Structures are given as structure tokens and as C-alpha cells.
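Please read the structure below before turning to the comments.
This is a predicted model, so every value here is computed, not measured. Indexing begins at 1, ligand by ligand and atom by atom, following the structure's order.
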Amino acid sequence: MTDTLNTGTGLGAPASEIVAELTLEEKASLTSGASFWTTQGIERAGIPAIVLTDGPHGVRLQKGSADHLGIGDSVPATCFPPAVALGSTFDPELLERVGTALGEEARAEGVGVLLGPGITIKRSPLCGRNFEYLSEDPIVSGVLGSALVRGLQSQGVGGSLKHFAANNQEHDRMSSSSDVDPRPLREIYLRGFQRVVEDAQPWTVMCSYNRLNGVYTSEDPWLLNTVLRDEWGFDGLVVSDWGAVNDRVVGLPAGLDLEMPSSDGRSAAALVAAVGDGSLDESALDVGARRVVELVQKAVAGARSSTGSVDAAYDVDAHHALAREAAGRGAVLLKNDDAILPLDAATSVAVIGAFAEKPRYQGAGSSLINPTKLDNALDAITEYAGADHVSYAAGFTIDGSDGTELVGPAVELAASKDVVVLFLGLPGSYESEGFDRDDLHLPAEQLALLEAVVAANPRTVVVLANGGVVELPFAGDVPAILEGWLGGQAGGSAIADVLYGAVNPSGRLAETIPVKLSDTPAYLNFGGDFGHVRYGEGLFVGYRWYDARDAEVRYPFGHGLSYTTFGYSELSVAADASGLTVRLTVTNTGDRAGREVVQVYTGLAASGVQRAPREIKAFANVALEAGESRQVEIAVRNEDLAYWDIRVDRWVVEPGAYSVEVGASSRDIRLSAVVEVEGEKVRLPLSLESSIAELAADPIAGPIVMQAMGSFASGMADTDIFDEGGLEKMMASFPIGKLAGFPGVPVTPEQIQQLIDLSNSQQA
Ligand code: BGC
């Protein structure tokens, strides 16, 4: 592919001029791939082919047989931690470095677009592909996704933001309709995409397989044109997920520029025929082809940039070290009673659990990377503590085959050492692209082993490897739990870094760990029936749900411990038109350097619309030496305070007294303040459907209505209910149009219409 990129010599002219010289057939051919991973080149016009490949946490470039399910071989590349671990870093600076490294590798391999990041919301922990997604929160996903795109594209390699949109489960993913109401759609499921599009301008967006409210996203003009381009200003290219095209002739004018992979000329022929019979306007092909040429231009320019050559190698060791740093930073210390961690190198340790030796470090499917190296925790622990202090027993089999004879030696070993480090996790077959999980359990044999090991040695530290959250019924029985997620190729050594304190843990949960599956927000609405999945939990996704219901969780969103402690003080909040400026002092009150993730949540208890009690709006990742204090300033954007107003179909910042809560998790709020936000009062024209309460609140009609109500009330029976505003309450929702002509009401329909007209004309 190196050659194809270098031959892009005829690309100097504006894309529209290049396209104007092409035949109808050539334009049509550009809008579908030429092969599994390449676009169509047109030699006579000097348009080369470019390569798009997975993604998201490594370069999966296939030189032999091609597939999008992680089956065939691919070139070696750094397997960075999957998004589940990257999300837990809450660190855009680090993610930008990871993105940059991904870009270097992609460019070195002649790849024009790397298919990621995935910023789909983790709606349910059951989704088989949650390991590829960053968070249950759109601002967290958006901020971190932007950082990845910025890094990647700084190397002249395009990102592909996926999967657009509402692709929150794998079950029936190629046909199921995600039926989502406008507010959750905008505020939860689209908000992260909007953020990345506006902040980082990804070169491409990948439409998903599923339907959204009944319409395939690959042919949804509202989603791909109105929202993505007209509202958000996206000027890149929309590519289909691999095989997501339903009807190419419908999809092209709807905004789907490039179909991938190749359809062997079938789509191009259908497009040409549709132009011929008048069912497709040729201008749609001009647009689609132009966007493909623009993408090729960017990729060619990117390939030549900085090094002047597409053959620039990358530093394999440096990238491995970065993968290790990122995995260590993504690990979340859930529990650490009596400071059992970090371990002292002189402590005798029983390392138990097959994952210590054979790490589970990435998920299955299209993101499967052929790593350049692979660390395991057992070797890395031995390096820290020396062979004399470390002994190992597998304890169980990863593939679920009979491991009964492994239990006895593991328990015996546990009893003979100071501390046990027990590696548990989900076998690869439990979670993957293409299917969802049925439950959140760890394998029964692992739980049984844990029980026996803890009975033999209560000083047992559990280390977890899993791409989606698991239930932790044993959380009360062990002194420490380190959630290592899927840590990428250096995940094993990163775990040892944390266990021995070379890395002070700073990972935070970007998703809630529930007590049990049936507590989760989408529990009654996941999977769906007959091709429809109803997003019945609405806005209440993730911590929004648990907090609104005041429900118990195992570990809350944002939670994660450190080997040091942090104090919060001196909060001040100022509001202006651009948003909120939150200032506070954070102090490292312990005796070692560490990082705190300071989280800013807002709420509006007196809101006129349904809201979660708190929503994260911004965060800061603060590194502090032992004893160091620093003033931290965190900006909350005004637009992030907005809700989607279904009456006017746009974002509105409601005026009012907002709570600003600053803390170390959604359940560990350290400081709070209230700030008055000016916002915008949405005034809808009054109509006969307006309620009495709405008229009463109207500056023109209000006084007149209240006076009429007063005289109406004075003729009422003398009961308590009419004291203290009882009548207003009873009548508040009464439509004004229905009032006229009601027996005993002294107003005519004409008078009411006059009142409405008067108010509307004076406030137009
Ligand atoms: C996945 C995408 C991936 C594509 C190409 C699809 O199955 O959903 O995320 O980029 O394949 O491998």
C-alpha cells in the first residue's frame, strides 16, 4: 500500500475539480471499496487507493486473507490497552500520546485511516463489545475520544469515530432497531460523537450496522446529513461499518459516502442504473466521490508529512513502554484494606490463577491485534520480588476444562505464603464482538477457588482481567481488589508495577460496577424483541440511574483508590456566558506522589425537566508530589449544561441555581457549591392548548388570568382546598381553550383568543 499512497500525484487540484473530470461509472466506483481494506483507485485520474484498517487500540493490517472478525493473521503491531482500560485513565494527555503512537504505527504500515476510536456508550454491562468502548458517560467518552483522534491525526492518519449511532449491543446488531427517545438520544448517545466531531474533526465517521428508530443508520439522512453535517459541521467522510449497507442507492444521498468493503461492483452498477432511470440525482454521486477524493488527499498528504516517506519505522520498545504506562494508569484499585498493597519486594507471594501466566489482554473480533511482544504478570512479579519470594499455581483452567486437580496445590501454596495474589477473569470465549454476555458472573470454578484460597490465606489480593464489568460477590471477603481490565500487550507488567508501587494507581471507573445484573438500568430492556430494543431507561444510563434511584452499587462511577490520599478545599465557582469556572485546591495528604482525578458534577434540582441528580461535566487529572497542594481550575462549557428541549428541538441551558459537586466519584462528593446560571427561558407562543399554569407564568397574560381566577375562586364553596393555592393547583394543567364555555367560567372563547394574540404579538 506504500506504493499506492506515493502515486497520488494527480491530487493537487481541488477534489471537486478532480471529480468533475470523472465519468459517471468512475464516480460510482469510488463510493465503494475495491477490496476488503482498500478504496478504489483510478489510475488515469491519478487517484490512488488508500487503506482503512482496524483499530481501535492497535493496527490490524492484514496482508494475506482478509476478515473483520479477528480470524486471519495480521502484521505485528503494538496492542495498546483496549478502550475499557484507556477510559479508566481519565487522562486526555496520555490518550493523545497513545493516539500519536497508533498514528505512527499506522503511517509506518501505509494505513490511511485507523478504524477507531469507539465511543459508543456502555448502556448495559452485558454488551459483548464494551471492552472497545470508553465509558457509560458521553462527556468522558467525548473528551477521551477527542484526545485519541487528535493524537492519531497528528500523524497524518485519519480516525474513524464509531459506531454511529446507538449500537449498544451485539445481539442482532446488523438489523435491530435501537428505539431511543429524543432526549436520551441527544444527551446520552449522540453527545459524545458531537463532542469529538466538534473538537477533533475526525476524518471519518463510521455508521453502525443497526437501525435507529426504525431506519438503518447507513441510510438515515437525518442522522448523517442533518445532525452530523448540518448541525455539528462535520466535513469528513462517512464510511459504512463493514457490510452495513442495506440499500446503496438510498444510502448515498442520505450521506453514506463510502461503502466498505467492496461489493464487487454491484453497488456501483446499482448507482449508475439509478442515475440512468432518474431515481438518483447524479449530484449525490458528485458529493460522495468528492468526499472520497478529499479523504484520499488527506491520507496521501499525511503519509508524506513529517518524515517525507511512508516507510518510517516506529520504535517498538518505546511503544511497548507506552502500552505499559497506559495499562498501569488504567488499572483501578477498587479496594485496599489495611494498605495490603503495595507489596514489599521481601514479602513471600503465592501467585495463583492461570491468567498470571497466560494473560487475557484484549478482546475478540475485529480489534484483535497481533502483538509485538506479550508480558505476563508472573514474570514481572518475579522480576520485582525475585524468584525466591514468588511461587505460582494455576488453580484453574482458562478454557473451562476440568481443573479439579489444580485446586489442591493452589490452596496449599496459598497457605504457605505471606500474601496471595489471585488472578481471576473472564475467559476470551465469554465476551466478544458479535454476541453479548448472558450474565456478569466470573466462572464458577474461579469463584470456588477464591473461596478455598481465602479460607487458607485471608491476605488475598484479587486481580481481575475482564473487558466488561463482572459482579463481585466476594468484595467483602478479600482485603484488596485490583481491576486490571484488558491491559493490552504490556498489561501483565503494568499489573506488577501497581502491585509493587512503582505505579501509584490512579485509574477510575468510567462505568459503574453494579451489585448484580438485575440492578442495571437496561436490565428489562436489553436485547429486545422482534428486532426492536426499547431504550426504556431513557436518560438514566449508568450512574445517572443508580444515583436517581439512590440504589446500592458495588463500586460507583469515578471510584478508584490510590496509595496516597487527597484533600479537597477552597471551592469557588463562577458563571459567565461561556460556562462555569470551577476552582479548588487539591492536596496530596499522603506520603507518596500520586494522581487524583477530580470530577465535577452538576445538577439542577428545581429543573422543569427530568434530570439525573448529578452529571459529570468535566474532570482534571492532577499529579501531585507527597504533601503538594495545587489550585486546579476546571472549565465546564455552557453547552454541556444544556438539555435537549423536545418542544423546540434544540439544546437549551435552563436558567436556575445549579449544584456544582466536586469529588472523587459520583458517590464521594467532597465539596459543593450552588451557582446561578442565567440560561435561556424558552418562550413558546401561547395557544389554546397552553395550560392555565403556562398562561399564569406569562408576563402579559399572567396578571389577567390570575385576576380572573381570583374572581372565579371567590364564588367557590368555602372549603380548605381553595386556601393556599389549592385552586391554582387543581386547575394548573387545564388547557386554556377548554376553559371557555365551561359552566360558570366567565370568559368567552373570543376573549381567550384575544388574550393569547395580545401576549404573542407583544413578545414575538
Ligand atoms: C466492526 C467494526 C470494524 C469493521 C472492520 C466490523 O465488524 O463492527 O468496528 O471496524 O468490522 O473490521
Mind checking what makes side chain to side chain contact (heavy atoms under 4.5 Å, CB included) contact with A270, not counting sequence neighbours? V249
Do R229 and F234 form a cation-pi contact, if we require the NZ or CZ to be under 6.0 Å from the six-membered ring centre and within 45 degrees of the ring's axis? no
Counting only heavy atoms and a distance below 4.0 Å, can you name the residues contacting ligand 1? W37, D54, H68, L115, R129, K162, H163, R173, M206, Y209, D241, W242, S366, E433
Taken in chain and number order and not counting sequence neighbours, the residues that satisfy side chain to side chain contact (heavy atoms under 4.5 Å, CB included) with S367 are P56, H57, F131, E132
Is the closest side-chain donor-acceptor distance between W485 and S88 under 3.5 Å? yes
List for me each residue that meets ring pair (Phe, Tyr, Trp, His ring centres under 6.0 Å) alongside F526, sequence neighbours excluded, and say none if there are none. none
N210 and H163: side chain donor to acceptor below 3.5 Å: no
